[in-house]
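Naming: A, B, ... by sequence-line order, numbering from 1 per chain. This is a predicted model, so every value here is computed, not measured.
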Amino acid sequence: MHEADPVVRPYGDRRDDGAVQVSFTLPVRAGELASEAARALMRKMGLASPQVVFSRDLGEGLTFFVGYGRCTHQVDLATLEVPRLQGEVMDFGAVNRFVRERLGRKVVVVGACTGTDAHTLGLDAILSMKGFAGDYGLERYPEFRVVNLGSQVPNETLVARAVEEGADAILVSQVVTMRDVHLANLTRLAELLEAEGVRERVVLIAGGPRISHELAVELGFDAGFGPGTTPSQVASFIVKELDRRRVTGFRDGR
Amino acid sequence: MHEADPVVRPYGDRRDDGAVQVSFTLPVRAGELASEAARALMRKMGLASPQVVFSRDLGEGLTFFVGYGRCTHQVDLATLEVPRLQGEVMDFGAVNRFVRERLGRKVVVVGACTGTDAHTLGLDAILSMKGFAGDYGLERYPEFRVVNLGSQVPNETLVARAVEEGADAILVSQVVTMRDVHLANLTRLAELLEAEGVRERVVLIAGGPRISHELAVELGFDAGFGPGTTPSQVASFIVKELDRRRVTGFRDGR
Amino acid sequence: MTETCRGLASGLRLDPGLVREAREDARAIVDEVLAYVREHTTTSMERAALRLAGVEEVDAEGTPLVNLVVDRLGDRLGHGASYWLFNAVAVTGREPEEVARAVAEGELDLGRLPAADPARVRQLGTGAARLAMEAIDARRRERDVMVERLGQSPSPWLYVIVATGNIYEDVVQARSAARMGADVIAVIRSTGQSLLDYVPHGATTEGYAGTYATQENFRIMRRALDEVSEELGRYVRQVNYASGLCMPEIAAMGALERLDMMLNDAMYGILFRDINPRRTLIDQYLSRRISARAGHIINTGEDNYLTTDDAFTAAHTVIASQFINEEFALRAGLAREQLGLGHAFQMDPDLPDGLLHEIAQAALVRALFPGCPIKFMPPTKYKTGNIFRAHLQDGLFNLVGVLTGQGIQLLGMPTEAIHTPFVSDRYLALENARYVMNNARHLGEEFLLRPDGRIARRAREVLERAVAMLRQIRDIGLWQALEEGMFAAVRRDRDGGKGLEGVVAREPDYYNPFLDELEGGRCGA
Amino acid sequence: MTETCRGLASGLRLDPGLVREAREDARAIVDEVLAYVREHTTTSMERAALRLAGVEEVDAEGTPLVNLVVDRLGDRLGHGASYWLFNAVAVTGREPEEVARAVAEGELDLGRLPAADPARVRQLGTGAARLAMEAIDARRRERDVMVERLGQSPSPWLYVIVATGNIYEDVVQARSAARMGADVIAVIRSTGQSLLDYVPHGATTEGYAGTYATQENFRIMRRALDEVSEELGRYVRQVNYASGLCMPEIAAMGALERLDMMLNDAMYGILFRDINPRRTLIDQYLSRRISARAGHIINTGEDNYLTTDDAFTAAHTVIASQFINEEFALRAGLAREQLGLGHAFQMDPDLPDGLLHEIAQAALVRALFPGCPIKFMPPTKYKTGNIFRAHLQDGLFNLVGVLTGQGIQLLGMPTEAIHTPFVSDRYLALENARYVMNNARHLGEEFLLRPDGRIARRAREVLERAVAMLRQIRDIGLWQALEEGMFAAVRRDRDGGKGLEGVVAREPDYYNPFLDELEGGRCGA
Ligand code: B12
Ligand code: B12
Ligand SMILES: Cc1ncc(COP(=O)(O)O)c(C=O)c1O
Ligand SMILES: Cc1ncc(COP(=O)(O)O)c(C=O)c1O
């Protein structure tokens, strides 16, 4: 649809009607004042004709609201910068061929769930034999050697181990995001690698349900992978990045 | 809670965390660009750290999003004007006593669902014997005479009938609000009464699930009643308003 | 479905004697009404005949020619508009539509033309009626072929509404819905259309909370749904509404444009639009004759009773009305497979064991009307702006639908209490239904109802009360029952409401070759 | 509840011989482990003893005195920290807490004190242990009196979590939840706490996705819930977690602060926190002895298996583990009414007839463990950011809970896949449960399961596989079973994982008066 017009607005039941649903809780006891406060907030969000369609006192001086309004904002698609990861994803066979033909040695990856995060399923989805959604994990790739350190690994341990294994890539999973603990944790890892002088020597990758490529790059990573990632996407990125560095001389080699 | 601080922000799991949930559809095919557009829109709404937690292609070049973000806006309760209807609601007995003692004659009300609106239940809730939520309807009030014109009544018919019956109050229900048909319809009624020179002679009341007192007043009505209204609230308003007009000489009387 | 309903229904232990009695009473009630129907016609019935004769256009002001012709005929209508039309065709040698246009332009006065040879008039009339039947039959065959070729979903079919007011936007939403799993698309009508005593014309973009039902809009949607059906490899059905002051005309349009279902209730217009009872009961008969021929599934409107009356205490009124609607339908030639009798999931969510009562009612309807698809309507009355709870109410509704083997599931929307559905609401509703029904597909086969349980007892009690009600209606007659507010807690006088002026006694020589063809000699017997 | 489970469960037609076999195998499996347990102690077990002796404080750096004492004892721990403590009390005449502080400050070295008269030491130890038991018993009576006076909800109890990280904010959310209908409030722990080899101290406000379990936090929440219980006229229960490296200590704190439930699984720490198997299996024993005395309902963690393994194919591992957890619990003196055996609603929502499988599993668990409250955990794994569908998944979960008569229903949240619950999420979850359960309260009594149906067949098949699994574990032993990844698809070496260094062989003269009192002579027999 946007091919025609790059400026888009929300669509409820008609083009550009601006329909948006919101819900939130305000620290006000339910009543007319609370509803007016909710409408005022919606107006500030740029929602015209704000309607409180439901409100419920939650006790403790809190009230929950559901509202609808007509968004007065619009987005010009032409102005959006979407950091894209890569052109094309290679499959299992192609990745291994690529490694044999262009890198000529096994790729070593070290993965961990760092900090206090014990959610290993996401990382396992990428690393384990079984893989994810029918796509084999990196352990099954003959041209990869995988070291999966599992859960609750301190950043220090991960860095030490990566150096020890001569890792080409470090894969970190962060699932718990409450109070932005993942941001602090990932930032610390990047700094630590920098401090150890090994940052340039590895492809540094973060993943997790609330991780986007954009965010990861912002935090000093080479790539970020969000929900639904398949192992071959990650493998493709790693080997292409290694190849790019080899060609451009970015990485000093061992 | 607000007694302490009149400035409020949304509360997710902690005071002032600003947590807001939104959902909307954009006319873009699902994908990275679409999600970025959704985040851009959320940013324009003043939501920091916007997260698209779910998106689904609906076909036809449309994508549905669920998002969360931290609202950077706040509302100062002290600055809100909440048009309030009245102080105190009298019950059945008190209203009838009030009429006998202060008005000294029966109150005549004419009600209708106007335009093409056929939703009579809301008006019936106010007018019929049975009433609403255990509160008797106006027909049961000995000091009221009720003329309920039912559904899909043209504004012209309503005005003619109100004049004919010598109505003290006109009660209009508007439930269908699509494309703001209710606004057009209510405005027309107020204009018609004005044109007929009878506007001042009646208490003009609107009601319906999307009607607020504020909105009704804006449209030139004396009062508006929203969801959950009980008959005695309406009766109280009518008789007090009639009394006020009698005392202040606002109404020329018959 | 059959296994399912046998499963749950057998546990209800209904008394077959009571069921027989219900049908006998319904037959007596309907007999009395049909005796009246047979002696009368209506303006809309005559306009429908003209439409079937091929008159579809409007005049310069947009007034349909069929209205102009019927209005001009005035008193003469009792002879049948067809008589005057085909007499004119015989005399002038013009096509019906040309005749109608000439009448509209004041150039021709049908009543003043010389009377042609009656045999010739009849020959022309019968010829036109047969052509009309052929056209309808052709559309029906078309549907059969497509269904055969593309296949269709297992029941319950997922039925959603579109209601943007703009037929082109409706198309976008309908296609999106079909892609997301909808089996049936209903285009809701604009508020007010049912009280228009004519059918609007052409493609329309300005309805309120619905889109005008016009023949052109029917075509536009049909084309879109056919395309998407081909794309999906699954036949997607189209629905519109044959209620209001133009029942038979819209049924005719639906027959000619291959709609698959029509909302068509014998009493809805009376109760919910305050249309005159006589007018509606005459109109429903012809409209159903047409739908019978067209292979429409009709949807009756008993669900609406529970929006004005209470689902728990008035449950039996739904059942009583279904027996009456069934009888009216059978007498108009509809087959049981065409009877989408309506009922609804409308118990107060705060009612303890409310789900048991919903299951009781749904299983009862299934048990009483085997072979009928049965249309199950979602919770609406007790929806609030709490879209989360609303979604859950719909989830339980979908569960009951699949558990009890309903045929057509009209999906509830999370935003029911707020606005006509957004495109995303429809997505959520379809996802809800697919999730619940897929997850509970064979649940109905797993359980035997305890015959002494709350569900079975409740179902038997509702049936008993329905039968008592039918007995009472049989005694006083349907007209009187409507006056006493026995349905939907609404009272309607047989001589009140809109459209009585359109009721005309048939003259002894009343002529309607379309009705004759449709009845094939079996006039509501 | 009883009627309900009799209803559905009887239709399962389980083979009582198989059930007997399962229990015999579980007994043999547990026998072997308990033989090992009886010969060992752990640092945390000894710390728990010190806590029961009244040592609650921390040193200037915030390190708990119990840790400092136990650490200083080093090799001497095999005789039991209590011996050294009460010896010091006997020698110095100081209170236990003062002794501990003196040790912490380096002022006292327990190992270098002269040995007092052994009878005197035992007298002091027994006296202290009896005091501790009285304190625990008093809290238990307090609960009984409050429950008696205020009453409680019918089952399933509605259980919600709070997890703000800040105990004061948790209180706000807990009170709000209680007012909206919650029966049980669990304060989730901060990530990472379970791997701390000490219990943090004081009121805390800085946890991540949970709040630290500290004795002061327990008190703060208890006070708030007691207040709201009085206000509501309904006893609201408090829960925390006795898993991790400090199982027995936290159980002791929970006993002293009148918590009502403790998450306490024999194997959770091993499987999900990679805690050493020996360490965990010793720790669970004392922690359960304490909970038995305190009248805690324990909640086991088999639900977690289905987050790493598949709910359909691994269903039998849950049942097998429940038999083992049951046996461990009974051998630690817990009564059946205290066994909230855990399981979960985790089938892939896309699985056809998934709901039938969920019902099969829930009914099976109910049938196998009559008299146990049973804790039913909500869908989490297949939740996505689609909060609307998530709400619906929880609705079906709540339906199965009430249909099959579960005892404790941990409510799912619409935002499960996004964040720890907002206050409004909890409102929606509670509303969901109240709506569904009220609406379907007696549904379980309405149906008889078809013994040849999908549900009954599935339940019997799962039981058979569970029994086969138990047989195999009996053959190889539990240690080996863990090494082979038989639970949750996770492999754990008996000598791997965290905390093995805290396992110490008991000396022949091992002294632990608290354990003695708790066992009352029945040492896991
Ligand atoms: C399973 C699960 C658990 C299991 C974990 C088992 C295990 N071994 O992993 C158990 C039960 C143990 C658990 C415990 C807890 N959990 Co948990 N858990 C979940 C759950 C249900 C699913 C997560 C999951 O495994 N998804 C499946 C995987 C395959 O998806 P994924 O992680 O997104 O991974 C994909 C991509 O993101 C990407 N990816 C992920 N990592 C990486 C890494 C790299 C390098 C790459 C390239 C890609 C990549 O690729 C993967 C495949 O596509 C979620 C809720 C939910 N439905 O999301 C909560 C959830 C994640 N848990 C949560 C919490 C809070 C906890 C606890 C902290 C609670 C507590 N206080 O006790 C505990 C403690 C855990 C800890 N210390 O970290 C919260 C996190 C809230 C937040 N946003 O901060 C959630 C969202 C639930 C909630 N709403 O409260 N949990
Ligand atoms: C019942 C119902 C019907 C019944 C109406 C029966 C009847 N006799 O009233 C039937 C089935 C006939 C019906 C039909 C239609 N309906 Co309808 N219907 C509803 C429903 C389910 C409940 C409305 C209701 O009666 N609520 C109960 C009453 C008591 O509440 P209430 O109206 O809010 O009234 C209270 C207050 O608002 C106030 N109040 C109301 N009026 C007045 C007046 C005065 C003077 C005062 C003081 C106070 C007052 O006091 C009342 C008591 O507290 C709503 C959905 C929902 N759950 O809200 C849709 C709904 C209102 N209907 C809707 C639509 C579109 C239609 C149709 C137009 C659909 C169609 N195209 O065919 C048709 C045609 C009707 C027409 N021409 O107007 C839409 C309106 C969308 C919009 N916002 O524009 C809704 C929201 C459903 C939807 N999501 O699509 N409907
Ligand atoms: C049988 C029937 N006809 C028609 C309608 C629609 O109303 P209207 O005829 O006003 O468009 C309904 C309501 O849903 C109905 O049930
Ligand atoms: C038995 C048991 N213990 C503890 C926990 C919580 O994890 P942690 O011990 O890491 O706080 C759970 C998970 O919900 C559990 O099921």
Side-chain angles (χ1 to χ4, degrees), chain B residues 1-5 8-26 28-43 45 47-59 62-75 227-228, chain D residues 160-177 179-180 182 185-191 204-211 221 349-350 380 382-393 413-430:
Chain B
M1 249 171 155
H2 68 266
E3 284 74 23
D5 182 357
V8 298
R9 291 161 191 260
Y11 175 117
D13 67 353
R14 177 166 348 188
R15 185 142 188 119
D16 293 341
D17 60 16
V20 166
Q21 175 267 326
V22 295
S23 76
F24 51 80
T25 299
L26 290 179
V28 192
R29 254 187 284 283
E32 260 313 304
L33 179 67
S35 296
E36 186 49 33
R39 279 188 292 266
L41 192 75
M42 288 169 70
R43 262 182 229 109
M45 291 167 70
L47 299 177
S49 314
Q51 287 182 17
V52 168
V53 296
F54 181 71
S55 68
R56 174 63 154 80
D57 198 303
L58 306 182
L62 298 167
T63 303
F64 175 59
F65 299 93
V66 179
Y68 280 82
R70 310 205 161 272
C71 188
T72 54
H73 303 294
Q74 56 187 36
V75 172
Chain D
V160 294
I161 64 166
V162 298
T164 70
N166 176 331
I167 187 65
Y168 300 108
E169 206 73 77
D170 284 342
V171 160
V172 172
Q173 309 233 350
R175 299 173 61 108
S176 158
R179 292 217 172 83
M180 299 184 300
I185 306 283
V187 181
I188 297 296
R189 289 194 300 197
S190 176
T191 58
T204 73
T205 58
E206 286 298 322
Y208 288 104
T211 305
M221 184 55 77
D350 290 336
T380 62
Y382 289 102
K383 291 251 178 90
T384 69
N386 183 344
I387 53 182
F388 300 95
R389 193 187 74 159
H391 201 52
L392 194 59
Q393 291 171 274
M413 296 286 151
T415 53
E416 167 63 30
I418 308 165
H419 47 235
T420 49
F422 286 175
V423 63
S424 54
D425 296 330
R426 225 174 278 109
Y427 154 61
L428 292 172
L430 284 159

For this session: Side-chain contact test, heavy atoms from C-beta onward, threshold under 4.5 Å: evaluate it for D:Val423 versus B:Tyr11 and give yes or no.
Result: yes
Exercise. Parallel, tilted or perpendicular for D:His419 and B:Tyr68, by the 30°/60° rule?
Worked result: perpendicular
Problem set entry | Shortest non-hydrogen separation from D:Glu169 to B:Arg15 and the atoms involved | OE1-N, 3.5 Å
Problem set entry | Nearest atoms (heavy-atom pairs only) where B:Asp13 meets D:Phe422 | N-CD2, 3.9 Å
Problem set entry | From CZ (B:Arg56) to CG (D:Asn386), nearest 0.5 Å |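 So the gap between those two atoms works out to 9.5 Å.
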